[in-house]
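In what follows, a structure is listed as structure tokens, so that the remarks can point back to it.
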Amino acid sequence: MYKLIALDIDGTLLDPAGQVRPRVRQAVRQAVKAGVVVTLATGRRHRSARLVAQSIGLATPLILYSGSLVYDPGQEQALLHRPLSPAFVSAGIGLLREAGLSPGIFQSPLQGERIFLGPAEHDDLYLRDFATHPTRADLIERRPYARMVDIADPLVVMSAGSAAIVARLTEQINQNGQLACNLYSYSLARTSLPDLYGFDLLPPDHTKAYALKWLAAYYGFGLAQTMVVGDGANDLEMIRVAGLGVAMGNATPEVQAVADVIVGTNAQDGVAEAVERFVLNVL
């Protein structure tokens, strides 16, 4: 039996409207009632991920910032905490600026979880939309680029822009050769722009897979006792190392290629299907 389930949020737990569907909520709660540890494994910040966890009755430690932080909301403390080095912050900011983007920093919740951006005069239409959105506007703080390396407890170097930038930024990283990193791009839903994307830069070993291994050991489980469900690039390594890696029907081709099982989409209760089939044994 799988004793630890890790669920991605966006594109996985949440449906296309950003909601947890009733069948999914019921399946997760039944798994918890059966004694299974269910966690969320997400690139999201603590504040927004915690609201999702509360909505489905989870009080377990959460894998946040694509694996850079495991935070226990019950104890209000970090269990796994991997801030970025000043060298990575400096190189990441430089790389994003060379690509014509305005960089920023996601700070950990241990220091207020603020989002540091550069001077407002450098904002383009996309970054301005990102900065003024009501879900995060109260977290925004401005700082000169030269002082971002001094920010306490940075977890992610980030920026925002259109979907068209993904290819250019990937090429910039490959050509740069001075910064080993993972680039995670993701659509920012519920904005005034139809193609607003976020871009996160993280060290190669700051992954959900690393955090999953750590959390499984924390509970005394082997990786063979874990099941994960996801859909995007930052889920790929986690799906590869889990005892059972499940890809959503709406997952990228790369994720589906490494998964053990493919279930329905997030519009078809794919998470519920996975939990019912492989944990609750009701299908």
Side-chain angles (χ1 to χ4, degrees), residues 41-49 62-72 76-124 126-127 130-131 136 138-161 165-166 168-186 197-211 213-215 233-234 237:
T42 179
R44 286 193 181 206
R45 302 182 305 278
H46 167 253
R47 185 170 75 174
S48 63
L62 305 174
I63 297 173
L64 306 171
Y65 294 95
S66 295
S68 290
L69 185 71
V70 176
Y71 191 86
D72 186 344
E76 295 293 356
Q77 68 176 17
L79 302 181
L80 174 67
H81 176 215
R82 308 183 76 200
L84 301 177
S85 69
F88 186 91
V89 171
S90 178
I93 289 171
L95 187 149
L96 289 172
R97 294 193 71 190
E98 288 175 12
L101 295 171
S102 297
I105 298 292
F106 286 142
Q107 185 185 51
S108 93
L110 307 181
Q111 295 291 335
E113 204 169 41
R114 288 169 291 182
I115 302 171
F116 289 90
L117 300 177
E121 56 265 28
H122 293 287
D123 288 359
D124 59 18
Y126 291 92
L127 197 66
F130 174 87
R136 64 184 75 91
D138 62 312
L139 299 176
I140 301 297
E141 186 169 322
R142 300 288 182 170
R143 182 166 292 194
Y145 295 130
R147 292 184 52 213
M148 283 190 175
V149 72
D150 301 321
I151 292 169
D153 214 358
L155 291 183
V156 179
V157 178
M158 54 73 61
S159 190
I165 293 175
V166 176
R168 188 177 80 201
L169 188 53
T170 301
E171 183 179 1
Q172 182 78 21
I173 292 171
N174 292 335
Q175 290 180 349
N176 180 278
Q178 298 180 11
L179 180 66
C181 68
N182 288 328
L183 166 66
Y184 299 131
S185 60
Y186 47 93
Y197 274 65
F199 309 116
D200 291 351
L201 298 183
L202 287 161
D205 65 339
H206 285 219
T207 64
K208 292 183 183 182
Y210 183 100
K213 293 175 184 178
W214 188 94
L215 192 59
N234 65 349
E237 288 303 319

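None of the values given here were measured: they were computed from a predicted structure.
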Any chance you could measure Thr170, atom OG1, to Gln175, atom CD, to the nearest 0.5 Å?
11.0 Å
Report the C-alpha distance between Leu201 and Asn182 in whole Å, list the side-chain angles of each, state the deciding distance to 0.1 Å, and finish with yes or no for side chain to side chain contact (heavy atoms under 4.5 Å, CB included).
CA-CA 6 Å; Leu201 298 183; Asn182 288 328; over 6 Å; no
Looking only at heavy atoms, the pair that brings Phe88 and Pro203 closest together is CZ-N, 3.5 Å
Just to verify, what does Ser102 make a side-chain contact (heavy atoms from CB on, under 4.5 Å) with, not counting sequence neighbours?
His122, Leu127, Tyr145
Identify, with sequence neighbours excluded, every residue that meets side chain to side chain donor-acceptor pair (under 3.5 Å) alongside Tyr126.
Asp195
Could you go through residues 147-155 and list every donor-acceptor pair under 3.5 Å that involves a side-chain atom there, pairing it with any protein atom two or more places apart or in another chain?
| unit_1 | atom_1 | unit_2 | atom_2 | d |
| --- | --- | --- | --- | --- |
| Asp153 | OD1 | His81 | NE2 | 2.6 |
| Asp153 | OD2 | His81 | NE2 | 3.1 |
| Asp153 | OD2 | Ser108 | OG | 2.5 |

Do the charged groups of Asp138 and Arg114 touch, with an N to O distance under 4.0 Å?
no
Note, Met158 side chain near Leu117 side chain (heavy atom, < 4.5 Å):
yes
As an exercise, state the distance from CG of Leu110 to CG of Leu69, rounded to the nearest 0.5 Å.
6.0 Å
Minimum heavy-atom distance Gly112-Leu139, with the two atoms named
O-CD2, 4.3 Å
Is the closest side-chain heavy-atom distance between Arg97 and Pro103 below 4.5 Å?
yes
Atom CD1 in Ile165, atom CG in Leu101: separation rounded to 0.5 Å?
4.5 Å
Carboxylate-amine/guanidinium contact Arg45 Glu113, below 4.0 Å:
no
Test of understanding: with side-chain contact (heavy atoms from CB on, under 4.5 Å), list the residues that count as partners of Ala99, not counting sequence neighbours.
Leu169, Gln172
Any side-chain heavy-atom pair from Ile173 and Cys181 closer than 4.5 angstrom?
yes
Can you tell me if Lys208 uses its side chain to pair, donor with acceptor, with the backbone of Ala41 under 3.5 Å?
yes
Taking the side chain as every heavy atom from C-beta outward, state whether Ser66 and Thr207 have any atom pair closer than 4.5 Å.
no
Any side-chain donor near an acceptor of the partner, Asp200 and Tyr186, under 3.5 Å:
yes
Does anything in residues 77-94 pair up under salt bridge (charged side-chain N to carboxylate O under 4.0 Å, His left out), and if so which pairs, sequence neighbours excluded?
Arg82-Asp205
Determine whether Val156 and Ile105 make a side-chain contact, defined as any pair of heavy atoms from C-beta on separated by less than 4.5 Å.
no
Rounded to the nearest 0.5 Å, what separation is found between the CD1 atom of Ile115 and the CD1 atom of Ile140?
4.0 Å
Taking all atoms of both residues into account, what is the closest heavy-atom pair of Ala180 and Pro204, and its distance?
O-CD, 3.3 Å
Quick one: CZ on Arg136 to CZ on Phe106, what's the gap to the nearest 0.5 Å?
7.5 Å
Distance col, row Ile63:CD1 vs Thr42:OG1, nearest 0.5 angstrom, shows 10.0 Å
Going by heavy atoms in the side chains, are Val70 and Leu64 under 4.5 Å from each other?
no
For the residue pair Glu76 and Tyr71, confirm or rule out a side-chain donor-acceptor distance under 3.5 Å.
yes
What pair of heavy atoms forms the shortest contact from His206 to Pro83, and how long is it?
CE1-O, 4.2 Å
Can you confirm whether Val166 sits close enough to Phe199 that some side-chain heavy atom of one is under 4.5 Å from a side-chain heavy atom of the other?
yes
Could you tell me which residues satisfy side chain to side chain donor-acceptor pair (under 3.5 Å) with Arg143, sequence neighbours excluded, listed by chain and number?
none
